[in-house]
Amino acid sequence: MRRNQIVLVLVWVMGICATTLLCATVDYDHRALLIDGKRRVLISGSIHYPRSTPEMWPDLIQKSKDGGLDVIETYVFWNQHEPVRGQYNFEGRNDLVRFVKAVAAAGLYVHLRIGPYVCAEWNYGGFPLWLHFIPGIKFRTDNEPFKAEMKRFTAKIVDMMKQEKLYASQGGPIILSQIENEYGNIDGPYGAAGKSYINWAASMATSLDTGVPWVMCQQADAPDPIINTCNGFYCDQFTPNSNKKPKMWTENWTGWFLLFGGATPRRPVEDIAFAVARFFQRGGTFQNYYMYHGGTNFDRTSGGPFIATSYDYDAPIDEYGIIRQPKWGHLKDLHKAIKLCEEALIATDPTISSPGPKLEVAVYKTGDKCAAFLANDNDNSDATVKFNGNSYQLPAWSVSILPDCKNVVLNTAKINSASMISSFTTESSKADTSLEASTSGWSWISEPVGISKADSFAKIGLVEQINTTADRSDYLWYSLSVDLQDDAGSQAVLHVESLGHALHAFINGKLADIVQNISGSSQGNGNKRALDVDIPITLVAGKNTIDLLSLTVGLQNYGSFFDIWGAGITGPVILKGLKNGNTVDLSSQKWTYQVGLKGEDLGLSSGSSGQWNSQSTLPKNQPFIWYKTNFAAPSGSNPVAIDFTGMGKGEAWVNGQSIGRYWPTNAAPNGVCSDSCNYRGPYTSTKCQTNCGKPSQTLYHVPRSWLKPDGNILVLFEESGGDPTKISFGTKQVASLCAHISDSHLPPVEMWNSDTKSGKKVGPVLSLKCPHQDQVISSIKFASYGTPLGTCGDYYHGRCSSNKAMSIVQKACIGSSSCSVGVSTDTFGDPCKGVAKSLAVEAICT
Ligand code: GAL
C-alpha cells in the first residue's frame, strides 16, 4: 500500500473506532462493571471541576492517581454552563472538556454525573434560575416544560462529549454516566408523577446512546438497564434492585460539608477504611469517595442556605490541593490491599459466615484464587477470629484483608501512613512582608442605605425574594416610609417575619438592633432559615424610613420542591406598641424595592471603576462599605489564603474574580464538638466535629493562578462592619511529618509477600516522605523508640525509650526526601524487654 492509502485506512478505522484499537466496551453483570469484557474492581473519587482551577486540575488528578484511584467522578453543573437560557459557558473553571481530557491524560476513567439536578451543596442544586421562570414549569416531576429543558441540556452535554470522543465507547475516559440524583430520597410528595418522571428520565438517558451504562443513585426503583447505586457513610448492606446489576457505591462521604455557623466536620480514616473494606467484603466492586478533593465554592456558587465558601469536606486532598495525611495515605494502602484481591473478587461471589456476634468472614474462592475479609463490627471489643486453622486478632470496628486467605496485608484500624500537620503562615509573621508593606493602603466607597438605583420599583404588598431578584444578587431592599405624627418620640417595635436567610434593618438611616440578636442584623442558620424578629424603633415626627435589606446566603439545594421554598420578607411586617396600644400592619402598604446594590451595578468588584475614596479617614466597623487595596502575592508557590478575621460579612474579589462570600463572625456553636474522636461505632456527620465556639471559616482560598507577583487588586463589600487593616495574607504548607508505628503494626502493603520471596521475615516499618519532590528532611524534631506518647506535634517520651533512637532516625532520614526505618529491636536494641514497643517520629521538610 502506498503511504496515503495507509493514512486513508487509518482514518477510516479511527473514524468508526474499531474495537481493536482505542475503543472500550463498557457493560455490567451482577458482579461488576465490565470493561472490554473484563470485570473490574474500581476505586473512584469525586473532584468537582468548578471548585478548583484548570491550573490545579492536573496536580489534583495526579494526586488522585497516586492515591490509588482508577476513576474521577464529577457532577455537571448546569447553572455554570447555561447562566442565561441558550447562552453557554464552557470556559475557565467551567471547561468540562478540558477537565475530562486532563483525567484521560493521567490514564484514569471518568464517571460523569450529568444530573442535571446535582444537589452538591451547590446553588439551587445546579439548576439555572431562569428555569424557574418558564411558564407552567414544575421541577423534577412529570412536567413537559421541565422535561424538555432537562432533555435538551442532558443531550447537549452528551453530544459535546461525543463530539470530543470522550466516551469509552469512542476511545475516551467516560465509562459511566448518572441521570438525576437521589430522587428516591425525596420522591414521596411527588406521588405517581414522580414515578413516571423517573421512568421518563431513564428512557431519555438511555436513548442518548452513550455506549456506556447509566446509573441512578438512591433510586431503588431505577428501571432497567439503569443501575441503582448507594450513597451514604456505609453501603455494605445495600443490594441493587436486580441480580443482573453490580453493587456500586457512588458517594462514600469522606467527611461532611461546612456551614457558616457550623462546627467543622471530620471523619476519621479508620472508619472510612472500615466502611470501604466492609463494602468490598460484601460483594461491592465500585466505590467512590465523595469528596476526594472538595475545593472551594467560589463566587456565589454555594448552595444551602448557609453553605460555607470552603468545601474542604475533610477529604483526602484538602481544599488547597495538599494531601491530607494520614487519610490519603491510609486509603492508598487500603486500595493496594483491595487490588491484591482483585482476581479473586471478580471471579466469584463471596461466601459469608459469622464466627461470633458481630464478626463476619467473607471468602472469595475459586480454583487457585482465594481472598478473605475478616470483620469485627463490635464498636468496643477486640476479638480473635479463627479462620482456616489460624487465629487473627481483630481490633474493634475493623476489617483485616487477606489476599491469599492466609496472611493479613492490612487492617483498617492500623495506620502505617505518616500524618502531617499543615499550617497557615501569615505574611505579617514573616520579617518585612507585612500586609501594611505589601499593600498600598485602602480606599473605599460607601454603599447607600435604602433605595439608590434607577431601576427600583414600587409595589403594593411584600414580595418573595427569589422571584424578584432571580438570584442576580444576594440583596433585596424593602423600603417604606411611614408618617406617624401622633406617635413622635414613642418607642415602638417593628415585627418582621421573613423566609430568610438574613436581614439587616435600618430605621431612619441607622442600623437597628434586632432583638435576640446583638449584631443589629439577624440571620438564620443551617437548621432554621426563617426569621421572626422584633426591632425597637424610636419614632420621629413626620416621616420614618424603614429600610430592610433581605439577603440570601446560597439558594436551597436539597429536598422535595426545594426550588419553590422561597426567601425574603413575606411578612407580616407589623408596627407594634404605638400610642394607645395601637398596631399597624405594614404588610400591604406600597413598598419600594431595589434588587442588588448600587456598587454591584457600577462593577466595583473589579476595582477599576468608581470613585474610590483614599484621602479621608478609612471608615472602620461601619456597615455597607466597599473596600479596595493592592497587594503583592505571598512569595513562593504554596497555596494562598486570606484571613478575614476582623471583618463581618460580605463578598471578596481578587483581580475581579470572586473568591466567595466571607463571614468570619459567624461562629460554630459550643457543645457540639468532641476533643477526642472515637472512630469505633457508626459515624454521623456531627460525630467528630471540631472548632466549637470559633468562627466557622476565617481562611479563604485565593488560587495561585489568579495572582500576579505585584499589583493585585482586592475588593471587599462589607455588610455589617469590619476593619480591613486586620486582614492578612498567608500561605498554607506542611509544617511537620509524623508517624507512630508499633511493633504489632503490619509491614507496609508494598512488602506484601516479600518475605516469601526473600525468605526474610519483614516487620513493621516507619516511612516518611516529604510532600514536595524538591524537599528534603532537614531535621528530626522528635524520635523515640520504646513507649512514646502523645500526638503529632506533641509527642513525648514514655517510661521506656532507647537512647539511640534520635541518632538512628537522623542518620536514616536527614538529607533525603524520604526514609524508612524498621520498627524492631534489630534496629534499636531493646530498651525494655517484654514490653510492647513503638517508634514515634516528627520530622521537618524544607
Ligand atoms: C448527597 C448528595 C450530594 C451531596 C451530599 C452531601 O445526598 O447526593 O450531592 O449533597 O449528599 O454532601
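Counting from 1, the numbers follow the sequence of the chain as shown. Remember, it's 1-based here, ligands and their atoms both numbered in the order they're listed.
Sorted by chain and number, the residues within 4.0 Å of ligand 1 by heavy atom are Y75, V118, C119, A120, E121, N181, E182, N231, E251, W253, W256, F257, Y290, Y311, Y313.
Within 6.0 Å of atom CD in Q62, more than 12 heavy atoms from other residues, nucleotides or ligands are found, so the atom counts as buried in its surroundings. Counted within 6.0 Å of NZ on K147, heavy atoms from surrounding residues, nucleotides or ligands total more than 12; the atom is thus considered enclosed.
Taking the six-membered ring wherever Trp is involved, the centroid distance between the rings of F562 and Y117 falls below 6.0 Å.
Using cut-offs of 30° and 60° for the angle between ring planes, the Y289 and H335 rings count as tilted.
For Y558, there are no ring-ring contact (aromatic ring centres under 6.0 Å, His included) partners, not counting sequence neighbours.
Looking only at distances, no side-chain donor or acceptor of Q556 sits under 3.5 Å from a matching main-chain atom of G125.
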